[in-house]
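All values below were derived from every heavy atom in this structure, side-chain atoms included, with hydrogens, water molecules and symmetry-related copies excluded. Chain naming here is simple, since letters A, B, ... match the order of the sequence lines and numbering starts at 1 in each.
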2 protein chains.
Amino acid sequence: MGHCCYALSEMTDSHQRDRAGKRERLVASAGELLHRQGVSATTLAQVAEAADVPPGNVYYYFKTKDALVRAVVDARIDEVRTMLGSFDAQPDPGTRLKALTRQWVEMRDLVARHGCPLGTLCSELSGRDDGLDREAAKMMSLILDWAEDQFRQMGTPDPRDLAVNLFAGVQGGALLANTFRDPDLMTSHVRHLEHWIDSLS
Amino acid sequence: MGHCCYALSEMTDSHQRDRAGKRERLVASAGELLHRQGVSATTLAQVAEAADVPPGNVYYYFKTKDALVRAVVDARIDEVRTMLGSFDAQPDPGTRLKALTRQWVEMRDLVARHGCPLGTLCSELSGRDDGLDREAAKMMSLILDWAEDQFRQMGTPDPRDLAVNLFAGVQGGALLANTFRDPDLMTSHVRHLEHWIDSLS
DNA sequence: GTCTATAACCAGATAGAC
DNA sequence: GTCTATCTGGTTATAGAC
């Protein structure tokens, strides 16, 4: 997340460097294209070309298109975990919560162009018969549970409702920033949310 | 909007009853399918079948698929206008704003299943080279401008920011309700927003 | 184990029949 | 004026070549 939104974990086994390299390039390219164009509008040929992999060759690395999408979602889940973990360095829950919302300010240009990478995925994957919608929901659950915990540490009543309120604000702000292609909308809206956080302590 | 979310304006010319009837049935069916499945995942064959029109025949009524999508967006814009107009009956701006948010509570089941009919459209149509993204943005502009005006009537400072804050909350709540398939999330979140509105006056 | 040629299918769009 | 048979292109997926 954050500056390096489409980043993925480093490869570990140098024996399988090329293979893993291609696989990861495919997931990275797919993640970017899924964000920019949506899931069903993105073709495997586009993903292959963006990853510099021969077209049609995608099926060697992923049994089906859905499997590739699933890999993208799982990568996002990892990114969310890493992001939340990085906030532990902050001294108090209010500062940690503002470190969360600041992420969306930092990727405001990306958000204005293509929407929140998490929100658009959840929106498009919602209501699928396979488990992909639930997988996408995990991204949001991680954040909501984490935020709820922060509010609880602040000693506020109804920490879950506050977490939902905060993150709904972030997601709704991202949607409007995208709709109006206006990164500044994201910035000023998050400022509003941060003032709200400060008002609670 | 509201209870009859996919409703369209009545036909006017009984001479063209069948023709207009089919055209409107196509727009209504398309609107529902676009909401349920998304734009690019919806095929014209599905729309034709849902509207009980011969497949392939869609092109007699709409030059292209984009033209059909545009007709759906325009119909939504009209629905938004009608909805906002219906709130004029309310006595004061605070009550009018709560009448707005109440709409999303009333369609909470629809929202939980397929997302906000306005938000998902804007999300998917954003960043298109044709003017469809701007057309979709009009739906949101109408609501934001109207809400801004209500806040201004309440005499609050920064009415535009408050309008954005309110509607971002609604849209974000809809996204989370959809992600977790939980209509109650929409209900309780809107209650939170309504308390916030009350706290301003 | 890695990749390519091709199959099978389905989309949007059109020419022309009624 | 209304509708249908068909075409073209592109997509997912696979069988089999290297």
A.B. asks: Counting only side-chain nitrogens and oxygens, does A/Y59 get under 4.0 Å of the OP1 or OP2 atom of D/dT14?
C.D. replies: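 No, A/Y59 has no side-chain N/O under 4.0 Å of OP1/OP2 on D/dT14.
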A.B. asks: A/K65 NZ to D/dT14 C1': how many Å, rounded?
C.D. replies: 18 Å
A.B. asks: With a sphere of 6.0 Å drawn around CD of A/E49, does it hold more than 12 non-hydrogen atoms of other residues, nucleotides or ligands?
C.D. replies: no
A.B. asks: Quick check: does any side chain N or O of B/S188 sit under 3.5 Å from a backbone N or O of B/D184, one acting as donor and the other as acceptor?
C.D. replies: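 Indeed, once roles are kept as given, a pair shorter than 3.5 Å links the two residues.
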A.B. asks: A/L44 has an atom CG; how far is it from atom P of C/dC3, in whole Å?
C.D. replies: 16 Å
A.B. asks: Compare side-chain N and O positions of A/K22 against OP1 and OP2 of C/dT2 and report whether any pair is under 4.0 Å apart.
C.D. replies: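 Indeed not, no polar side-chain atom of A/K22 lies that close.
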A.B. asks: Atom CG of A/D66 to atom C1' of D/dT11: distance rounded to whole Å?
C.D. replies: 14 Å
A.B. asks: Are any of B/T64's side-chain N or O atoms less than 4.0 Å away from OP1 or OP2 of C/dA13?
C.D. replies: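 Answer is yes, contact under 4.0 Å.
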A.B. asks: Does B/K63 place a side-chain N or O at less than 4.0 Å from the phosphate oxygens OP1/OP2 of C/dT14?
C.D. replies: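 Result: no.
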A.B. asks: End-to-end bend of the helix from C/dG1-D/dC18 to C/dC18-D/dG1 (five-pair axes, 10° rounding)?
C.D. replies: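 End-to-end axis angle for the helix from C/dG1-D/dC18 to C/dC18-D/dG1: 0°, rounded to 10°.
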A.B. asks: Of all the choices, C/dC3, C/dG12, D/dA13, which nucleotide is nearest to the side chain of A/P54 once you look at every atom?
C.D. replies: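 That would be C/dC3.
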A.B. asks: What nucleotide, of C/dG12, D/dC3, C/dC3, holds the atom closest to the side chain of B/Y61?
C.D. replies: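 That would be D/dC3.
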A.B. asks: Does B/R128 have more than 12 heavy atoms from other residues, nucleotides or ligands lying within 6.0 Å of its CZ?
C.D. replies: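 Yes, because the 6.0 Å sphere around CZ of B/R128 holds more than 12 heavy atoms from other groups.
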A.B. asks: Compare side-chain N and O positions of B/Y60 against OP1 and OP2 of C/dT14 and report whether any pair is under 4.0 Å apart.
C.D. replies: no
A.B. asks: Does the pair A/R191/A/E194 count as a salt bridge with the N-to-O cut at 4.0 Å?
C.D. replies: no
A.B. asks: Do A/S123 and B/S123 have a side chain donor and acceptor closer than 3.5 Å?
C.D. replies: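 Per modelled atom types, A/S123 and B/S123 side chains form no pair under 3.5 Å.
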A.B. asks: Whole angstrom is fine here: how far is it from CG in B/L68 over to C1' in C/dA11?
C.D. replies: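 From B/L68 CG to C/dA11 C1': 15 Å.
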A.B. asks: What residues form a ring-ring contact (aromatic ring centres under 6.0 Å, His included) with B/F180, not counting sequence neighbours?
C.D. replies: none
A.B. asks: Nearest to the side chain of A/N57 - C/dC3, C/dA11, D/dT4?
C.D. replies: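 The closest nucleotide is C/dC3.
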A.B. asks: Report yes if some heavy atom in the side chain of A/F151 is under 4.5 Å from a heavy atom in the side chain of A/L200; otherwise report no.
C.D. replies: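 With C-beta onward as the side chain, the pair touches.
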A.B. asks: Go nucleotide by nucleotide along DNA chain D from the 5' end; which of A/T42 and B/V58 gets its closest nucleotide reached first?
C.D. replies: B/V58
